[in-house]
Trainee: 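Handing you a structure now.
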Amino acid sequence: MPELPEVETIRRSLEEKLKGKTFVGVEVFLDKMLKGANPEDFGTEISGRKINGIERRGKYLIIHLAGGVAMVIHLRMTGQLLYCSPEQEKAKHTHVIFHLNDKCQLRFADQRQFGKIQLVQTKELENLAGIKNLGVEPFSDAFTREFLKKEMRNRRTKIKPLLLDQTFVAGIGNIYADEALFLARINPERVAATLSPREVSQLHLAIREVLLSGIENKGTSIKDYVDGNGNPGTNQDKLKVYGRDGQPCAKCGRAVEKKSIGGRSSHYCPRCQKL
DNA sequence: CGTCGCTCCTGGATGC
DNA sequence: TGCATCCAGGAGCGAC
């Protein structure tokens, strides 16, 4: 579910509430959400630790704790992190509740149970599988059109699956990949290496633009996504192609099509995004 | 190494 | 209404 803009929105909303607070205890209702630790050790390890800040890398959230410990969280498809009062009714699929020293709670809910929470030593963060192999951050200085050109030169895969490859560029998911390709007027089935320099430049700009819009609109709430306070975003109203199959293209009026590419649903305008 | 298909889950939509 | 099937915003894994 959450892609870079959603994870960034959650990061901002939670940092505001959690920074400087201390974890005082944990309740775990579904052990498998914790990766590499049993609930007892997990609780012991974080209890008494102050929250120094929250970082995002790709679609990962990293809660930095005092004493050189980091909690790495991935929400996958349906994960949610909610800061709320203890009186708030416990939502279905709430698998972990963190108790804070302000009496409030941080709750982790995940309908499909794909999400993961993992504790690591901060100095081991760079070696963590998943983090270690993340590609370039789309808003970093390293993400240039020259970088894209160079990286795509020898890639024989289709551009859509490449955009979803987190070891290539970090943070893009199915919604923003479709939106970026539409904005750049590139068909999702184009072989990456065959894009012209002009097309690569357009794609570079389009990726940043759709992700930035997503953040400014506080995320895309289609089904489950809400921020750390339970508030939905508004970016779903701005989507040009994702989920709009059968509806007219905003640019040319032709019906948007939906097709499975690399095992993922892809939405595009057959006239604006010719093969 | 790059690429592909399968898999982990629940539940909403769709079809018969 | 009931039941079966398909599909969903992600990514790790094994196979080739």
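Keep in mind that this is a model prediction, so the values were computed, not measured. Keep in mind that the numbers below use all heavy atoms, side chains included, and drop hydrogens, waters and symmetry copies. Chain identifiers are assigned alphabetically (A, B, ...) following the order of the sequence lines, protein sequences preceding nucleic acid strands; residue numbering begins at 1 within each chain.
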Trainee: With the side chain of A/R76 defined as its heavy atoms from C-beta on, choose the nearest nucleotide among B/dT10, C/dA11, B/dT3.
Mentor: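 Of B/dT10, C/dA11, B/dT3, C/dA11 is nearest to the side chain of A/R76.
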
Trainee: Quick one: the dot-bracket string of DNA chain B, using Watson-Crick and G-U wobble pairs with both distances under 3.5 Å, [ ] for crossing pairs and | for bases paired to another strand.
Mentor: .|||||||.|||||||

Trainee: Is any side-chain N or O of A/K258 closer than 4.0 Å to OP1 or OP2 of C/dA8?
Mentor: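 For A/K258, the contact criterion (side-chain N or O under 4.0 Å from OP1 or OP2 of C/dA8) is met.
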
Trainee: Just to confirm, is there a sub-4.0 Å distance from OP1 or OP2 of B/dC9 to any side-chain nitrogen or oxygen of A/K32?
Mentor: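 Checking B/dC9 against A/K32, a side-chain N or O does come within under 4.0 Å of OP1 or OP2.
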
Trainee: Expressed as a whole number of angstroms, how long is the span from A/L163:CG to C/dG10:P?
Mentor: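 One finds 12 Å between P of C/dG10 and CG of A/L163, rounded.
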
Trainee: Round to the nearest Å and state the distance from A/F29 atom CZ to B/dT10 atom P.
Mentor: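 Interatomic distance, CZ of A/F29 to P of B/dT10: 18 Å.
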
Trainee: Return yes if a side-chain donor-acceptor contact under 3.5 Å exists between A/D224 and A/T78, otherwise no.
Mentor: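 No, because no side-chain N or O of A/D224 sits under 3.5 Å from a partner of the opposite role on A/T78.
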
Trainee: Taking only N and O in the side chain of A/T157, is any of them less than 4.0 Å away from OP1 or OP2 of B/dC4?
Mentor: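 Indeed, a polar side-chain atom of A/T157 lies that close.
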
Trainee: Would you tell me if any nitrogen or oxygen in the side chain of A/T78 comes within less than 4.0 Å of OP1 or OP2 on B/dT10?
Mentor: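 No, outside the criterion.
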
Trainee: Rounded off to whole Å, could you give me the CD-to-C1' distance for the A/Q166 and C/dG10 pair?
Mentor: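 Spelled out: CD on A/Q166 to C1' on C/dG10 is 8 Å.
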
Trainee: Can you tell me how far CG of A/L239 sits from CD of A/Q236, rounded to the nearest 0.5 angstrom?
Mentor: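 Rounded to the nearest 0.5 Å, the CD-CG separation comes to 7.5 Å.
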
Trainee: Closer than 4.0 Å, any side-chain N/O of A/R112 to the OP1 or OP2 of C/dG10?
Mentor: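 Answer is no, no contact under 4.0 Å.
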
Trainee: Using the rule for Phe, Tyr, His and the six-membered ring of Trp, do A/F114 and B/dC8 stack at under 5.5 Å and under 30°?
Mentor: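 Aromatic stack with B/dC8 present for A/F114.
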
Trainee: Between C1' on C/dG10 and CG on A/L162, what's the gap in Å once rounded to a whole number?
Mentor: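 Rounded to the whole Å, the gap is 16 Å.
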
Trainee: Are more than 12 heavy atoms, taken from residues, nucleotides or ligands other than A/R49, located less than 6.0 Å from that residue's CZ atom?
Mentor: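 For A/R49, atom CZ is crowded (more than 12 foreign heavy atoms under 6.0 Å).
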
Trainee: Just to be sure I understand the rule, does A/F168 reach a base, reach only the sugar-phosphate, or reach nothing, if contact means heavy atoms closer than 4.0 Å?
Mentor: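 A/F168: no heavy atom of the nucleic acid under 4.0 Å.
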
Trainee: Quick one: is B/dG11 close enough that its OP1 or OP2 comes under 4.0 Å of any side-chain N or O from A/H93?
Mentor: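 A/H93 to B/dG11 OP1/OP2: side-chain N or O found under 4.0 Å.
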
Trainee: Salt bridge or not for A/R11 and A/E16, using N-O below 4.0 Å?
Mentor: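 Salt bridge between A/R11 and A/E16, a charged N being under 4.0 Å from a carboxylate O: no.
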
Trainee: Remember a base hit wins even if backbone is also touched, and classify A/G173 as base, sugar-phosphate or nothing at under 4.0 Å, heavy atoms.
Mentor: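 A/G173: backbone/sugar contact only, no base atoms under 4.0 Å.
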
Trainee: If you measure from the P atom in C/dC3 to the same atom in B/dC9, how many Å do you get, rounded?
Mentor: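 The answer is 25 Å between these two P atoms.
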
Trainee: Dump the intermediate steps for ring pair (Phe, Tyr, Trp, His ring centres under 6.0 Å) on A/H95 and A/F29, then the final yes or no.
Mentor: CA-CA 5 Å; A/H95 306 310; A/F29 305 102; 8.5 Å; no

Trainee: Quick one: which of B/dT3, C/dG12, C/dA8 gets closest to the side chain of A/R156?
Mentor: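 Per side-chain heavy atoms of A/R156, the pick is B/dT3.
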
Trainee: At under 4.0 Å between heavy atoms, what does A/K116 touch on the DNA or RNA strands: base, sugar-phosphate, or nothing?
Mentor: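 Touches nothing.
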
Trainee: Rounded to whole angstrom units, what separation is found between the CD1 atom of A/I261 and the P atom of B/dT3?
Mentor: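 So the CD1-P distance, A/I261 to B/dT3, works out to 16 Å.
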
Trainee: I'd like to know if the side chain of A/K21 and the backbone of A/K17 have a donor-acceptor N/O pair within less than 3.5 Å.
Mentor: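 Indeed, once roles are kept as given, a pair shorter than 3.5 Å links the two residues.
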
Trainee: Given A/E199, which of A/R185, A/K274, A/R190 fulfils the salt bridge (charged side-chain N to carboxylate O under 4.0 Å, His left out) condition?
Mentor: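 Checked A/R185, A/K274, A/R190 against A/E199; only one passes salt bridge (charged side-chain N to carboxylate O under 4.0 Å, His left out): A/R190.
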
Trainee: Counting only heavy atoms not in A/K150, do more than 12 sit closer than 6.0 Å to its NZ atom?
Mentor: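 No, NZ of A/K150 has 12 or fewer neighbouring heavy atoms, counting only those of other groups under 6.0 Å.
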
Trainee: With respect to the phosphate group of C/dA11, does any side-chain polar atom (N or O) of A/H74 fall under 4.0 Å of OP1 or OP2?
Mentor: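 Result: yes.
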
Trainee: How long is the line joining CG of A/D165 and C1' of C/dC13, in whole Å?
Mentor: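 Computing the A/D165:CG to C/dC13:C1' distance gives 15 Å.
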
Trainee: Under 4.0 Å between any heavy atoms, over every strand shown, what does A/Q113 touch: base, sugar-phosphate, or nothing? Just pick one.
Mentor: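 Sugar-phosphate, backbone atoms only, no base.
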
Trainee: Measure the distance from CD1 on A/I10 to C1' on C/dG10 and round it to the nearest whole Å.
Mentor: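 Between C1' of C/dG10 and CD1 of A/I10: 14 Å.
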
Trainee: When the distance from CE of A/M33 to C1' of B/dC8 is rounded to whole Å, what number comes out?
Mentor: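 Whole-Å distance recorded here is 11 Å.
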
